[in-house]
Amino acid sequence: MPDSKMDETKKKKKKTAECCGYPISIFFIVVNEFCERFSYYGMRAVLVLYFRYFLLWDDDLATSIYHAFVALCYLTPILGAIIADSWLGKFKTIIYLSIVYAVGQVVMAVSTIHDITDANRDGTPDNFTLHIALSMLGLVLIALGTGGIKPCVAAFGGDQFQEHQSRQLNTFFSVFYLCINAGSLLSTLITPVLRAQECGIHTQQQCYPLAFGVPAALMVVSLVVFIAGSGMYTKTAPEGNIMGSVCKCIWFALNNRFRHRSDIYPKREHWMDWAEEKYDKLLIAQIKMVLKVLFLYIPLPMFWTLFDQKGSRWTLQATTMTGDFGGFVLQPDQMQTVNPILILTLVPIMDRIIFPLIKKCGLNFSPLKRMTVGMLFAATAFIAAALVQMEIDKTLPNFPSSSESQLKVVNMHSESLIVTVPSQEPLLIGSFEVQHTSKHTTAVSHWCFTISSHVVFPQSSPDYITFDQQDIRLAFNTTPEINKDLSLIKGSRQTLIIPSEPAEMYLKEDIKSKPKEGKNAVRFVNGWTAYLNITNLESSLQPSETSNYTLVSQGMRKFTLTDGIQSCEFSRKFGFGSSYTFLIPSDLFSTDCESIKEIEDMQPNSVHMALQIPQYFLITTGEVMFSVTGLQFSYSQAPKNMKSVLQAGWLCTNAVGNIIVLIVAELGKLPKQWAEYVLFASLLVAVSIIFSIMAYFYTYIDPAEIEAEILKQQETDPDKKKKKETLEMEEKENEQEIKQTKI
Ligand SMILES: C[C@H](N)C(=O)N1CCC[C@H]1C(=O)O
C-alpha cells in the first residue's frame with residue numbers, strides 16, 4: 001500500500017468514536033448481520049416446502065436444488081471479495097450487493113403469490129413456469145447478494161478496530177457469530193409459523209408470501225441500518241485491481257521458475273520469489289501469506305460436510321423418533337434450532353470461562369489447535385449419532401429384504417380361517433365380525449392373536465412367491481375351500497384382505513418404510529354395506545374396498561365417516577411415525593363408530609428426540625471452536641488489501657463441504673445408516689490428523705508488521721524505484737485493459 005494511503009487510513013482510524021473500548025460503528029455492523037442472517041435463514045427454512053408443495057417438485061429435485069442454492073451462496077463470496085478488494089471497496093460492495101439481495105428476496109416473495117397466475121381461482125397457480133422462473137431469478141439474486149456481502153461484512157467489521165483494540169477485535173468475531181445465530185434462531189422459529197397461516201386474494205392458501213416477505217423486509221432493514229452507520233465507519237479504499245495483479249504475479253513466478261528450472265540457477269526460498277524480477281516485494285509477501293492460509297484450508301471442507309448433514313440426515317433421523325416432551329411437541333425439523341440455541345450459550349461460556357481457564361493452566365490453545373479440536377468434536381458428534389441410530393434400528397419394523405415378502409391376513413368374513421404357510425405352524429385367523437365386540441382402543445394386542453402378524457417368506461422363486469393351495473391354504477369351517485392365485489411382491493409387505501365375500505379376496509400393498517416427516521400413515525377397510533366418505537381420504541370408499549394410505553400429523557385426529565344418510569365421528573391420538581389399518585364393521589353407525597377396529601401396521605416411534613441433544617451439543621461445541629476461530633484466523637492472517645479475499649476462501653470451504661454432501665447423498669449410501677455416520681466420523685478424524693500436521697508447520701504472522709517492515713526496507717532499496725515503476729506500469733496497463741474491455 002502506498003505510504004500516503006496508509007497514513008490516511010491511520011489518520012482516519014484515530015477519529016473513530018468508542019463505547020466500552022469498542023468502535024461505535026460495530027453496533028451497526030452486528031445489527032446489519034443479525035437482520036441479514038434472519039433474512040437468509042428464514043427464507044431457507046421454508047424453501048424446500050415451497051419447492052415441494054407450491055411448485056409441486058418431487059423430494060429429490062427439491063432437495064437437490066436446495067443444496068445447490070446453499071452451495072452457490074457460499075461460492076459467490078469470491079465474487080464479492082474481488083469486487084470489494086479490487087474495485088468498489090467493502091463499504092460500497094456491501095451496499096450495492098445488499099440492494100441486489102433485497103431485490104432477490106422481493107422477487108422470491110412475489111413468486112410465491114399464487115393469485116398472480118390463478119385466473120380460474122381454484123387455489124393453484126395456472127402458470128407454473130412463471131412462478132419457477134421468478135423464484136429461480138430470486139434465488140440467483142439472493143445467492144449473489146448474501147454470498148457477495150458475507151466476506152465483506154466480517155472483514156469490514158474487523159477494519160473498524162485500531163491497533164490497541166486487538167482484544168476487542170477477537171471478541172467482535174464471537175459477538176458477530178452470536179448475531180448470526182440469534183438471527184438464524186428467530187427466523188427458523190418464526191417463518192414456519194408464518195407459512196402455516198392462510199392467506200390469499202381469491203382463495204386462502206398456505207401463506208408463503210408472508211413467510212418470504214418478512215425475510216425480504218428484514219433485508220431492507222439490514223440495508224437501512226448499515227447505511228445509517230455510514231458516517232462512523234473506517235473505510236479502507238481498494239488498491240486498484242489487486243486480484244488482477246495477484247494472478248499476473250503468480251503467473252509470472254511460475255513462468256519464471258519454469259524458465260530457470262536448470263540446476264545452474266541458484267534455488268530461491270519460495271517459488272513466489274521467482275516474481276521478484278518484476279514485482280514488488282510487498283505484493284509477493286502478501287501473496288505468500290494468502291497462499292499459505294489457503295493451502296491450510298484444503299482439508300477443511302470435511303468439517304462442513306458433516307456439519308451440513310444436520311439439516312438432512314439428522315432431520316431424517318429425527319423423523320424416526322418421538323418429539324413428545326410432555327407439555328409440548330417438537331417437530332423433527334424444529335430439532336435443528338438446538339444448534340443456534342446452543343451457539344448462543346456456548347460462545348460466551350467458551351470465551352469467558354473455558355478458553356481463559358485453558359490459558360491459566362499454561363496450555364497454548366492456539367487458533368489452529370482449536371480448529372483441530374473442533375473437528376474432533378464434530379467427529380464424536382457423528383459417533384453419538386451412530387449410537388442413537390443403533391437404538392432407533394432396534395425399534396424399527398423388520399422390513400422384508402429384497403428377496404423376502406411379508407404377508408398379513410385380515411379376515412373380514414364371518415367365519416374364522418386357518419392359514420397354512422409352508423414350514424410354519426398353521427395360523428388361526430379369527431373372524432373380524434365375530435371378534436369385533438371389544439373397543440378399538442383396546443384391540444391392538446387382541447388382534448395380534450386373531451389377525452396374523454407379518455409372516456416372512458424366504459424367497460426362492462425369481463420374482464414372486466405364488467401362493468396357491470400348496471403354498472398357503474386358506475381353510476374356512478363351512479365355506480368351501482378357496483383356491484386363488486395371488487402373488488406376493490418381493491421386498492414388499494402386503495395385506496390379504498378377505499372381505500365378507502371371501503371369493504373376492506385381494507392383496508393390498510402396505511407401507512414399507514417409516515412415513516415421511518414423522519407423520520402417521522392410516523388407511524380404512526370398508527366393511528359397511530354401502531360406500532363411505534371419510535374426511536382426509538382422497539375419494540369415497542366402496543364396500544369391501546381398502547383405501548390408500550393417507551398421512552396424518554401427530555396429535556388427536558378426528559375422522560368423520562358418512563354414507564350420505566348417516567354419519568359418525570372417530571377420533572384417535574397419534575404419535576410419530578406409526579401406521580394403522582382401521583377396519584370398519586357392518587354395525588358402524590349403530591355403535592356410533594365405536595366398533596371400528598385398528599391393526600397396528602407399524603409401531604409409533606419410541607426413541608426420544610432428546611437423545612439427539614448430545615450429538616447437537618458435540619457438533620455445536622465443534623462449530624464454536626472451528627468456525628468462530630476460523631473466521632477470526634482468516635481475518636488476522638490476511639494482508640490488509642486481501643482481507644475479504646481470505647474471508648471468501650474461508651467461506652469457500654463451506655461451499656465445497658455442501659457440494660460433497662450433494663455428491664455423497666446421491667452416490668454413497670451404505671446399507672446401514674449408523675455405518676455411514678461412523679464412516680463420516682472416521683473420515684473427519686483422518687482429515688483432522690492431516691490438518692494438525694499442516695498446522696504444526698504453520699507460523700502465525702502479523703501481516704501489518706511484515707508489511708510495515710517491507711515498506712521500510714524498500715525505502716532503502718535501490719531497486720525500489722525501478723520495481724515501483726514496473727508496478728505502476730502494470731497498473732496503467734490494467735486500467736487500459738479495463739477501458740478497452742468496456743469499449
Ligand atoms: C447457523 C450456524 N450455526 C452458523 O452460524 N453458520 C453455519 C455456516 C456458517 C455460519 C453462518 O455464517 O451462517
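Whatever order the structure lists them in is the order used to number ligands and atoms, beginning at 1.
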NZ or CZ of [X] within 45° of [Y] ring axis and under 6.0 Å:
X: K643; Y: Y635; value: yes
X: R370; Y: F355; value: yes
X: K519; Y: F576; value: no

Atoms of ligand 1 less than 4.0 Å from [X] heavy atoms?
X: N339; result: 1 (C), 2 (C), 3 (N)
X: E623; result: 2 (C), 3 (N), 4 (C), 5 (O), 6 (N)
X: N181; result: 1 (C), 2 (C), 3 (N), 4 (C), 5 (O)
X: F307; result: 7 (C)
X: I180; result: 5 (O), 11 (C), 12 (O), 13 (O)

Check your understanding: Of the protein's non-hydrogen atoms, which lies at the shortest distance from atom 8 (C) of ligand 1, and what is that distance?
Key ->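 Result for atom 8 (C) of ligand 1: N654 ND2, 3.4 Å.
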Review point. Which bit of F626 gets closer than 4.0 Å to ligand 1, counting heavy atoms only: side chain, backbone, both or neither?
Key: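 For F626, there is no contact with ligand 1 at all, from either part.
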Exercise for review: Count the heavy atoms belonging to other residues, nucleotides or ligands that lie under 6.0 Å from CZ of F27, then report whether that count exceeds 12.
Suggested key: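 No.
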Check your understanding: Between L344 and L178, which heavy-atom pair has the shortest distance, and what is it?
Key ->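 The pair with the smallest heavy-atom distance is CD2-O, 3.5 Å.
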